[in-house]
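Scroll down for the structure; my scribbles are underneath it.
Here the structure is a predicted model, which is why all the values come from computation and not from measurement. When a residue number appears, it is its place in the shown sequence, counting from 1.
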Amino acid sequence: MKKTLLLGLFTFMTFQAYAQDDNKDYDLRPNETYGYIIDKSGKKIEGIVRLAGDAMNPWQNQKKVKFVAASDIDQSKKKQKFKTFDTDDLKEYVAFDENNNERHFEMVKYTNTKEGFNTATGGLSGNLKAFNNLTKSTQFAELVTDGKIKVYKLYGYPTTFSAGGQIAVADKENERMRNSPSYIYSKKDGKLEELTLAKAKIIIADCSYAKGKLANGSYASLKNDEKKRKDQD
């Protein structure tokens with residue numbers, strides 16, 4: 001009963017923090033860079049797109065995004081109001097981060113079972129982490145390679161509660177997830193799957209150029225990334 005009460009209180013506090021953050025005004029910059037959103041009907045709307053997450057919480061970008069349409073910007077006012085959109089509202093969005101790098105996210109249906117079953121934190125924290133990952137099948141994944149083969153970067157979701165001796169463990173687990181995201185792919189708009197070295201060999205089998213580069217070790221980073229993730233699991 002006490003655990004349920006504490007969890008409910010924590011969830012309420014988290015929700016309140018998000019609600020307050022969403023209501024903050026945005027200071028319009030002199031040379032604002034516009035991104036865009038594409039809504040469920042396929043309509044592209046340009047405007048200011050603000051990432052919900054940052055380097056410490058990259059998984060937040062997979063849940064929602066903040067946006068103000070160019071047509072809604074009041075140039076006579078420095079502060080602008082954002083609207084928050086999630087996967088129920090959008091097909092994709094393009095934003096620019098604090099370093100002015102373009103970031104492209106698309107709505108995908110994929111359950112990160114690998115992180116769901118990786119309950120490194122154990123106990124209640126581990127169960128909540130599993131719940132957070134296994135119940136999120138519709139999310140925004142960051143597009144890193146476009147074309148006949150699309151590759152996306154996808155972060156796991158952390159636990160929403162930790163206490164006592166589990167706090168340090170949860171912090172370490174969050175750091176692992178920040179540094180070691182999963183990569184998923186689809187070939188010719190097919191089923192989304194986790195991208196591994198073994199899968200890479202299969203999906204480029206019909207491309208002699210890429211197959212040759214893989215055989216020569218040109219894609220060593222994929223092997224290193226896979227090894228790093230295995231070592232941290």
Side-chain angles (χ1 to χ4, degrees), residues 14 17-18 21 50-65 87 93-108 110-146 149-186 192-200 203 214 217-233:
T14 304
Y18 286 154
D21 185 54
R50 182 184 176 190
L51 293 170
D54 54 24
M56 292 298 291
N57 302 282
W59 36 79
Q60 290 296 338
N61 296 322
Q62 299 168 184
K63 298 178 181 179
K64 60 183 179 178
V65 66
T87 54
Y93 70 87
V94 170
F96 289 85
D97 62 19
E98 63 275 8
N99 298 315
N100 213 35
N101 296 317
E102 184 175 312
R103 309 275 299 276
H104 190 161
F105 293 80
E106 292 185 1
M107 189 276 286
V108 301
Y110 181 83
T111 303
N112 196 342
T113 54
K114 179 181 177 181
E115 285 296 350
F117 291 116
N118 180 11
T119 55
T121 49
L124 177 61
S125 293
N127 290 337
L128 286 172
K129 178 177 176 288
F131 179 83
N132 288 339
N133 285 278
L134 295 176
T135 57
K136 288 182 175 64
S137 59
T138 304
Q139 49 197 314
F140 293 118
E142 185 166 9
L143 182 67
V144 295
T145 301
D146 200 0
I149 299 174
K150 286 189 173 184
V151 179
Y152 301 89
K153 179 164 61 175
L154 196 68
Y155 290 91
Y157 297 97
T159 180
T160 50
F161 178 82
S162 57
Q166 288 296 307
I167 294 176
V169 179
D171 287 344
K172 185 177 180 179
E173 175 71 351
N174 292 352
E175 182 66 19
R176 181 194 64 79
M177 288 193 294
R178 290 187 198 102
N179 296 330
S180 301
S182 296
Y183 288 88
I184 58 176
Y185 78 96
S186 69
L192 280 167
E193 299 181 63
E194 183 183 5
L195 180 60
T196 63
L197 184 60
K199 289 285 179 64
I203 64 178
L214 181 65
S218 298
Y219 301 140
S221 61
L222 179 60
K223 186 175 182 179
N224 292 336
D225 287 344
E226 184 172 305
K227 183 178 184 301
K228 183 178 179 183
R229 277 185 279 146
K230 284 182 178 178
D231 289 343
Q232 292 177 324
D233 284 346

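Residues Tyr152 and Tyr183 keep their aromatic ring centres 6.0 Å or farther apart.
In this structure, the side chain of Asn179 engages the main chain of Glu175 through a donor-acceptor pair within 3.5 Å. Asp146 places no side-chain N or O within 3.5 Å of a backbone atom of Lys150 that could act as its donor or acceptor partner. Side-chain atoms of Asn99 never come within 3.5 Å of backbone atoms of Asn101 as a donor-acceptor pair (strictly under, hydrogens ignored).
In plain terms, the two heavy atoms of Ser125 and Thr159 that are nearest each other are O-OG1, 3.0 Å. Between Ser186 and Leu192, the shortest heavy-atom contact is CB-CD2, 3.9 Å. When every heavy atom of Tyr155 is checked against every heavy atom of Gln62, the shortest pair comes out as N-OE1, 2.7 Å. Closest of all the heavy-atom pairs between Asn57 and Asp54 is N-OD1, 2.9 Å. Pairing each heavy atom of Leu154 with each of Ala141, the nearest pair is CD1-CB, 3.8 Å. Closest non-hydrogen pair, Val65 versus Arg50, comes out as CG2-O, 3.5 Å.
Side-chain contact between Tyr110 and Glu193 is absent, with no heavy-atom pair separated by less than 4.5 Å. Residues Phe140 and Thr87 are in side-chain contact: their nearest non-hydrogen atoms beyond the backbone lie under 4.5 Å apart. Between Leu51 and Tyr93, the closest side-chain pair of non-hydrogen atoms falls below 4.5 Å. Between Asn61 and Phe105, some side-chain heavy-atom pair lies under the 4.5 Å cut-off.
Other residues, nucleotides and ligands place no more than 12 heavy atoms under 6.0 Å from the CZ atom of Phe131.
With values rounded to the nearest 0.5 angstrom, Lys63 atom NZ is found 5.0 Å from Lys136 atom NZ. Between the CG atom in Asn174 and the NZ atom in Lys172 there is a gap of 12.5 Å [rounded to 0.5 Å]. Going from atom CD of Glu115 over to atom CG of Leu134 covers 10.5 Å, rounded to the nearest 0.5 Å. The line from CD1 of Ile184 to CD of Glu194 is 9.5 Å long, rounded to the nearest 0.5 Å. Atom-to-atom distance recorded for Asn112:CG and Asn133:CG is 5.5 Å, nearest 0.5 angstrom. A distance of 6.0 Å separates CZ in Arg103 from NZ in Lys153, rounded to the nearest 0.5 Å.
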Subject >> Derivation and outcome, side-chain hydrogen bond (donor to acceptor under 3.5 Å, both in side chains), residues Gln139 and Tyr157 >> reply: CA-CA 11 Å; Gln139 49 197 314; Tyr157 297 97; 2.7 Å; yes
**OP:** Mind running side-chain contact (heavy atoms from CB on, under 4.5 Å) on Glu106 and Glu142 for me, showing each step along the way?
**Re:** CA-CA 6 Å; Glu106 292 185 1; Glu142 185 166 9; over 6 Å; no
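Under 4.0 Å is where a charged nitrogen must lie from a carboxylate oxygen, and between Arg178 and Glu173 no such pair does.
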